[in-house]
Amino acid sequence: MRSKSIVTFISRIDAWRATHVSERMFVLMLAFLVGLLSAVAAFLLHWLINQIVAILTGGFDATSFNLLYLVYPVVGILLTMLFVRYVVKDNISHGITRILYAISQNRSRLKVHNTWTSVVASAITIGFGGSVGAEAPIVLTGSAIGSNLGKLFRMDSHTMMLLVGCGAAGAIAGIFKAPIAGLVFTLEVLMIDLTMASLMPILISCVTATCFTYIFSGDASLFSFHLDDGWTVERIPACVLLGVFCGIVSLYFVRTMGMCENMFARLQKHSYLKLVVGGLMLSLLIFLFPSLFGEGYASINLLLNGNGQEDWSQILNNSLFAGHENLLVLYVFLVLLTKVFATSATNGAGGCGGTFAPSLFVGCFSGFFFSRMWNMYEIGVHVPEKNFALMGMAGVMSGVMHAPLTGIFLIAELTGGYSLFLPLMIVSVCSYLTINIFEPHSIYGARLAKEGKLITHHTDHAVLTLMQLDSVIDRDFTAVSSDTELADIVRKISRSKWNIVPVLDAAGRLQGEIDIKSIRHIVFRTELYHHFTAQQLMQEPSAILTDSLPMKVVMKTFDDTRADYLPVLDSDGHLKGYLSRDHVFTQYRKMVADMSED
């Protein structure tokens with residue numbers, strides 16, 4: 001009864017706005033609402049994480065290791081796994097990849113539960129020490145809010161995609177108080193084209209989310225940074241080499257993450273074995289390197305604000321390295337190498353979190369390690385470690401996400417480091433160019449790109465990716481069996497709109513097809529009607545399509561065969577229907593026009 005009342009209420013709102021509010025103005029209003037709700041979700045998630053961490057670790061002794069580091073992460077992952085299995089009952093991992101898949105393959109539709117389940121699951125995982133980030137879950141939450149608002153008000157596919165982008169942009173802007181970074185994130189990572197029609201809604205979401213985050217949490221940012229030593233031209237070689245180093249680290253991050261994911265994927269059917277393997281790996285790493293506990297933002301702030309060995313050595317607290325300041329560089333290097341394993345173990349064992357924060361973490365440690373080695377061995381002019389730690393964050397993020405603009409603007413906005421804008425650009429671009437030699441796609445898009453399901457800014461490729469094969473199949477065909485006589489074939493042809501008659505066996509599998517043009521010399525000779533059967537008249541199709549083929553392959557097949565109609569079979573060889581060349585190309589031209597009209 002309540003759901004019926006809600007539907008009625010929404011219908012009345014929809015009817016009112018159709019009369020009083022233009023479509024464009026209504027989209028702007030939805031963008032504002034999406035930005036607000038994304039900011040609320042971001043604030044709520046970080047508040048939950050901080051509360052859990054304060055309760056669990058508030059009494060830890062900073063001068064010694066703590067055995068509870070072995071316990072908390074496993075408990076958190078177990079609670080998350082139980083929540084996902086018995087409450088969510090759906091896969092909520094790989095948040096940003098899930099958004100990309102929804103845009104390219106599911107008409108930008110995300111499930112209703114995605115508006116809140118990732119917040120709960122990631123709060124438990126990260127609060128108990130899971131070595132992942134909260135950003136990807138919030139981006140998924142923001143995008144799901146946009147998607148479901150679009151569904152609620154029956155928006156078209158183009159507007160749905162835009163609202164999903166608004167949610168993602170609002171989430172990034174709200175988390176980091178960085179509106180420009182939110183905007184360019186949708187451009188680089190989600191591949192949403194920046195047209196005049198899409199610019200204003202995304203900007204509204206970004207600004208709204210940022211403003212409300214300031215209202216909720218004050219002026220404090222996630223990372224604090226004060227520039228003590230300005231950038232000079234003499235440091236260009238060091239910046240270029242840092243960019244190359246960050247690109248190599250990014251490649252290590254992406255490849256190692258993929259290797260670990262494949263290892264845990266082989267344990268997919270053994271949930272508790274995954275928990276044991278991943279939990280043990282994570283607990284051991286956190287026990288040895290407490291900096292891996294949770295998002296690691298406290299460690300980042302130490303490196304960004306430290307002014308000497310005494311300040312930086314605080315990062316050794318709670319570890320077996322505590323009190324051994326001479327091992328600082330070794331500790332930083334080992335943390336840099338093991339962070340990716342800790343992140344993979346967290347998600348692989350059943351936790352929920354993203355790779356956004358881990359890439360920032362690894363970048364900060366990479367920049368600090370590079371600069372310390374540079375200064376210790378006096379390779380060139382002295383470089384400030386805190387500045388290079390900041391630039392390293394932009395470098396590794398740019399490489400891992402294939403998003404140099406996001407890396408540049410996020411770090412600049414996040415820390416107020418606009419005085420380092422030029423070196424941030426140098427490091428980010430060099431990192432991106434380095435990893436692009438080996439990995440053409442980001443950590444989020446690589447899997448979809450291999451399947452041909454990744455949206456890009458190339459209009460032709462984007463349209464082919466968005467086109468759904470199933471939506472252009474014509475299932476209204478008239479079939480015959482192999483022993484059907486010509487008389488019955490002619491009668492079926494007279495009632496069919498097709499020039500093609502498929503020949504099927506008893507199970508519905510395609511044996512061949514009869515083209516009316518090839519039998520026109522006998523169609524009107526009634527004396528032959530009982531002398532020919534479908535078996536004798538059928539021929540092989542020009543090509544056979546399967547329902548799993550990407551549209552790019554389908555279009556190429558039409559071009560190669562020059563066929564007017566092609567059959568589509570399912571995985572068992574059953575005929576699903578036919579594709580008409582004219583229908584497919586008409587749909588293609590319509591989608592190109594829709595995407596270009598802005």
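What you are looking at is a predicted structure, and each value in this text was computed from that prediction instead of being measured.
- Smallest separation of non-hydrogen atoms from Ala238 and Val383: CB-CG1, 4.0 Å.
- Atom OG of residue Ser131 and atom CD of residue Glu295 lie 10.0 Å apart, to the nearest 0.5 angstrom.
- The aromatic rings of Phe216 and Phe212 are tilted relative to each other, their planes meeting at an angle between 30° and 60°.
- Residues Leu199 and Leu183 have side chains in contact (heavy-atom distance under 4.5 Å, counting atoms from C-beta outward).
- Panel note: side chain Asn305, backbone Ser224; a donor-acceptor pair is recorded below 3.5 Å.
- Inter-residue side-chain proximity for Val233 and Ile236 is flagged as met; some heavy-atom pair is nearer than 4.5 Å.
- Looking only at side-chain heavy atoms (C-beta outward), Met391 and Ile426 stay at 4.5 Å or farther from each other.
- Between the side chain of Thr115 and the main chain of Val112, a donor-acceptor pair closer than 3.5 Å is present.
- Taking the centre of each ring, Phe26 and Phe153 come in below the 6.0 Å mark.
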Given the rule in the side chain to side chain contact (heavy atoms under 4.5 Å, CB included) test, do Ser38 and Ser205 qualify, once you have shown the distances and angles that lead to the verdict? CA-CA 9 Å; Ser38 297; Ser205 280; over 6 Å; no
Take Lys386 and Asp311 through the test salt bridge (Lys or Arg N to Asp or Glu O under 4.0 Å) and record every step on the way to the result. CA-CA 11 Å; Lys386 59 190 298 185; Asp311 292 338; over 6 Å; no
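- Under a cut-off of 6.0 angstrom, the local environment of CE in Met425 is sparse, with at most 12 non-hydrogen atoms contributed by other residues, nucleotides or ligands.
- Taking the side chain as every heavy atom from C-beta outward, Trp231 and Cys239 approach each other to under 4.5 Å.
- Contact of the Phe253 side chain with the Pro358 side chain is registered, since non-hydrogen atoms from C-beta on lie closer than 4.5 Å.
- Summarising the local packing, CE of Met259 is surrounded by more than 12 heavy atoms from other residues, nucleotides or ligands at distances under 6.0 Å.
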Start with the C-alpha gap between Ser250 and Glu439, add the side-chain angles, then the distance that decides, and say whether side chain to side chain contact (heavy atoms under 4.5 Å, CB included) holds. CA-CA 10 Å; Ser250 301; Glu439 288 286 349; over 6 Å; no
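- Side-chain atoms of Ile411 and Leu390, non-hydrogen and from C-beta on, do get closer than 4.5 Å to each other.
- Enclosure of atom NZ in Lys111 is not indicated, since only 12 or fewer non-hydrogen atoms of other residues, nucleotides or ligands lie within 6.0 angstrom.
- Of the possible polar contacts, one joining the Ser122 side chain to the Ser118 backbone as a donor-acceptor pair under 3.5 Å is found.
- Not one N or O on the side chain of Thr338 forms a donor-acceptor pair closer than 3.5 Å with the backbone of Phe341.
- Side chain of Ser147 to main chain of Ser143: no donor-acceptor pair is present (N/O by atom type, distance under 3.5 Å, no hydrogens or angles).
- Taking the side chain as every heavy atom from C-beta outward, His46 and Ile175 approach each other to under 4.5 Å.
- A donor-acceptor pair under 3.5 Å is formed between the side chain of Thr213 and the backbone N or O of Gly174.
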With side chain to side chain contact (heavy atoms under 4.5 Å, CB included) as the test, would you mind laying out the steps for Val400 and Met257 before giving the verdict? CA-CA 11 Å; Val400 169; Met257 183 74 71; over 6 Å; no
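- Put simply, the side chain of Ser371 gets close to the backbone of Phe368: a donor and an acceptor are under 3.5 Å apart.
- Under a 3.5 Å cut-off, the side chain of Gln314 and the backbone N or O of Leu302 do not form any donor-acceptor pair.
- In this structure, CG on Leu303 lies 15.0 Å from CZ on Phe388, to the nearest 0.5 angstrom.
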As a quick check of understanding, evaluate side-chain hydrogen bond (donor to acceptor under 3.5 Å, both in side chains) for Thr125 and Thr80, giving each step before the final call. CA-CA 6 Å; Thr125 299; Thr80 304; 2.8 Å; yes
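- Interatomic distance, NE2 of His402 versus CG of Asn436, reported as 4.5 Å (0.5 Å rounding).
- Rounding to the nearest 0.5 angstrom, the gap separating the CD1 atom in Ile180 from the CG atom in Leu410 is 11.0 Å.
- In this structure, CG on Leu360 lies 6.0 Å from CD1 on Ile300, to the nearest 0.5 angstrom.
- To the nearest 0.5 Å, the span separating CD1 on Ile124 from CE on Met81 amounts to 12.5 Å.
- Residues Thr346 and Gly130 come closest through the heavy atom pair CG2-CA, 3.7 Å.
- The backbone N or O of Tyr252 sits less than 3.5 Å from a side-chain atom of Thr256, completing a donor-acceptor pair.
- At a threshold of 4.5 Å between non-hydrogen side-chain atoms, the residues Met161 and Met155 do not count as touching.
- Listed for the Thr117 side chain is no donor-acceptor partner under 3.5 Å among the backbone atoms of Val88.
- Across all non-hydrogen atoms, the minimal contact from Tyr432 to Ser398 is CD1-O, 4.3 Å.
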When you look at Phe225 and Leu420, which way does the side chain to side chain contact (heavy atoms under 4.5 Å, CB included) test go after all the steps? CA-CA 12 Å; Phe225 176 80; Leu420 296 175; 4.0 Å; yes
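- In this structure, Phe185 and Ala168 approach most closely via the heavy-atom pair CE2-CB, 4.2 Å.
- For Val427 against Cys246, the heavy-atom pair with the smallest separation is CG1-SG, 4.4 Å.
- Minimum interatomic distance between Gly354 and Thr343 (heavy atoms only, all atoms of both residues): O-CG2, 4.4 Å.
- Phe176 pairs with exactly one of Phe356, Phe223, Phe409 by the ring pair (Phe, Tyr, Trp, His ring centres under 6.0 Å) rule, that one being Phe356.
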